[in-house]
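Step one of this worksheet: look at the structure below.
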There are 2 protein chains.
Amino acid sequence: MATLVRRLHRFSPGADLTPLNHAFQQLRSLDRDEPVWRHKSEDHPVLVLESGFAYSFTLYPDGRRHIGDMFGPGALCGFGSAAVAEEGLNLAFKSGSRVTVFDAARLADALHEKPELELLFKQDGDARARRTAQRNRGLISLPAAEKLALVLLDLREELSLATDPGEWLPLPLTLRELGDLTGLTDVHVSRTLKKLQTDGMLERRGKRFRMGDTAALESALDYRHFYYG
Amino acid sequence: MATLVRRLHRFSPGADLTPLNHAFQQLRSLDRDEPVWRHKSEDHPVLVLESGFAYSFTLYPDGRRHIGDMFGPGALCGFGSAAVAEEGLNLAFKSGSRVTVFDAARLADALHEKPELELLFKQDGDARARRTAQRNRGLISLPAAEKLALVLLDLREELSLATDPGEWLPLPLTLRELGDLTGLTDVHVSRTLKKLQTDGMLERRGKRFRMGDTAALESALDYRHFYYG
DNA sequence: CGGTGCTTTGAAGCCTATCAACAAAAGTGG
DNA sequence: CCACTTTTGTTGATAGGCTTCAAAGCACCG
């Protein structure tokens with residue numbers, strides 16, 4: 001639960017989050033990539049990613065997969081205003097992730113009793129919805145190199161919200177998953193990342209990466225931050 | 001206000017919407033295409049499109065324009081969960097549109113007093129957010145012909161929510177605007193629409209269009225409806 | 001050790017953008 | 001209402017971007 005606390009404290013550093021303890025159910029570790037299929041019923045538990053990585057996806061009739069959002073440490077997976085848009089949300093947790101499970105009904109009670117806590121959850125959800133909208137905008141109208149740069153900036157932010165990952169960030173997605181996120185093929189993702197590297201915007205070492213002049217990149221792509229702190 | 005009433009009655013046909021009268025400010029007619037620039041302050045009036053057409057857009061540093069959402073008769077423009085995602089929303093009203101203006105504070109009071117009315121506004125906003133997510137998903141991962149078919153299906157739904165536009169629907173967007181919506185160039189939009197016509201999926205007469213087998217198209221694109229009625 | 005999935009590279013071809021020219025339509029001002 | 005200007009839509013030629021198909025290297029794991 002520590003990562004969720006750190007994420008929410010970005011909006012209000014001193015906020016008391018102990019009421020969340022009443023809704024705590026369990027801490028699960030996921031040994032391998034594991035999809036969680038969600039249907040439309042309302043009483044799903046609320047999942048918070050403690051460590052690792054996860055993403056939400058939808059499948060097209062022809063078998064293609066689209067990744068709609070991604071979750072780093074401390075993320076509320078499929079909750080709040082960001083999740084409203086995704087009906088029948090499917091979640092995939094990458095191998096090694098740890099997840100805190102909250103009881104939905106008791107969490108709702110806790111939020112209802114403490115309006116300042118509810119506000120934090122709302123702010124977090126709204127910030128996520130804005131980031132998703134910003135990402136989608138670029139993924140619709142930019143060429144491949146910019147699409148990937150945008151996604152990497154966003155990934156960098158997601159990974160930095162609850163923990164300090166250091167200079168070299170993990171790249172928890174395969175090239176195929178980056179393709180499903182950007183609408184590109186894995187082959188073209190590979191070529192485009194290579195081009196970003198020769199242009200000095202990106203360094204890669206195995207499953208880690210480091211970005212070049214992020215400030216310049218952010219202003220070129222009009223990338224905005226919606227979290228404070 | 002009649003079109004808003006018809007739209008909200010899709011969720012609850014008998015709902016009493018008279019409390020909205022207290023928040024009514026004025027009815028404006030817009031003679032020509034008119035952008036409404038919104039900044040971050042909170043007390044903007046709430047705009048409901050009475051007739052005509054509008055869309056929200058953002059501008060990139062290089063001058064490119066991205067259209068993020070579109071509004072037909074009865075639409076709440078830039079309000080609720082669908083609008084949270086779009087910070088610094090800009091609205092463009094097409095020539096000839098009529099807009100009902102509501103006072104934001106008094107509208108909030110009216111909704112707070114009548115929870116069933118607030119629920120209707122929330123349902124409308126959620127349905128719009130889902131439609132936007134569905135559209136964005138396709139605009140990221142589908143080829144041009146499917147992108148345009150998807151946008152036309154969505155446009156058809158938007159135009160049918162508050163009024164019955166008949167078999168031949170108005171096409172209130174220029175090809176450039178369709179391009180800004182889909183991430184394609186106007187030239188390619190022109191060519192792709194022509195191809196859709198020769199394939200029998202689309203007919204055009206001036207600024208009106210009619211779609212072929214919409215049921216088949218919807219199932220091929222996995223298009224879903226989020227409004228009831 | 002083989003198997004499996006991930007990544008890279010090459011070659012070929014389709015898809016989409018760009019540039020340019022023109023036709024058609026719509027707005028503007030007399 | 002007409003002449004004028006501006007915008008919108010269409011078409012062709014060309015170039016570049018992206019996908020597809022195929023093959024091979026690599027890392028990881030049983």
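Residue numbers begin at 1 in each chain, while the letters A, B, ... track the order of the sequences. Just the heavy atoms: all of them, side chains too, but no hydrogens, waters or symmetry mates, feed the values below.
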| From the list D:dT20, C:dA17, D:dG9, which nucleotide is the closest neighbour of the side chain of A:Thr185? | D:dT20
Side chain to side chain donor-acceptor pair (under 3.5 Å) against [X], all qualifying residues, sequence neighbours excluded:
{"X": "B:Asp154", "result": "B:Arg131, B:Arg135, B:Tyr223"}
{"X": "B:Gln26", "result": "none"}
{"X": "B:Ser51", "result": "B:Arg98"}
{"X": "B:Glu50", "result": "B:Thr3, B:Thr100"}

| If you measure from CZ on B:Arg130 to CZ on B:Phe226, what distance do you get to the nearest 0.5 Å? | 7.0 Å
Between N or O atoms, less than 3.5 Å apart, protein on one side and nucleotides 11-14 of chain C on the other: list the pairs.
{"residue": "C:dA11", "atom": "N6", "partner": "A:Arg191", "partner atom": "NH2", "Å": "3.1"}

Whole angstrom is fine here: how far is it from [atom1] in [X] over to [atom2] in [N]?
{"X": "A:His188", "N": "D:dC21", "atom1": "NE2", "atom2": "P", "answer": "17 Å"}
{"X": "A:Leu184", "N": "C:dC15", "atom1": "CG", "atom2": "C1'", "answer": "14 Å"}
{"X": "B:Glu146", "N": "C:dC15", "atom1": "CD", "atom2": "P", "answer": "11 Å"}
{"X": "B:Asp186", "N": "C:dA21", "atom1": "CG", "atom2": "P", "answer": "17 Å"}
{"X": "A:Gln197", "N": "C:dT9", "atom1": "CD", "atom2": "C1'", "answer": "15 Å"}
{"X": "B:Leu178", "N": "D:dT10", "atom1": "CG", "atom2": "C1'", "answer": "15 Å"}
{"X": "A:Ile140", "N": "C:dA17", "atom1": "CD1", "atom2": "P", "answer": "14 Å"}
{"X": "A:Leu173", "N": "C:dC6", "atom1": "CG", "atom2": "C1'", "answer": "13 Å"}

| Would you say C:dT8 has OP1 or OP2 under 4.0 Å from some side-chain N or O of A:Ser190? |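 True: A:Ser190 side-chain N/O within range (under 4.0 Å) of C:dT8 OP1/OP2.
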| said: Looking at C:dT7, I'd like to know if its phosphate oxygens (OP1 or OP2) sit under 4.0 Å from a side-chain N or O belonging to A:Lys194. | reply: no
| task | Run the salt-bridge test on B:Asp126 and B:Arg128 with the 4.0 Å N-O cut-off and return the result as yes or no. | result |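 Salt bridge flag = no for B:Arg128 with B:Asp126.
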| message | Expected output is a numbered-order residue list: members of residues 199-208 of chain A with a heavy atom under 4.0 Å from any atom of DNA chain D. What is it? | response |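 Contacts with DNA chain D under 4.0 Å: none.
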| request: Work out which heavy atom in B:Leu173 is nearest to a heavy atom in B:Leu178; give both atom names and the distance. | output: CD1-CD2, 3.9 Å
| said: Can you confirm whether or not the ring centre of A:Phe53 sits under 6.0 Å from the ring centre of A:Phe93? | reply: no
| query | Using a cut-off of 4.0 Å on non-hydrogen atoms, how would the nucleic acid contact of A:Gly179 be classed: base, sugar-phosphate, or nothing? | reply | nothing
| Worked verdict on A:His66 versus A:Asp180 for side chain to side chain contact (heavy atoms under 4.5 Å, CB included) | CA-CA 5 Å; A:His66 171 80; A:Asp180 292 339; over 6 Å; no
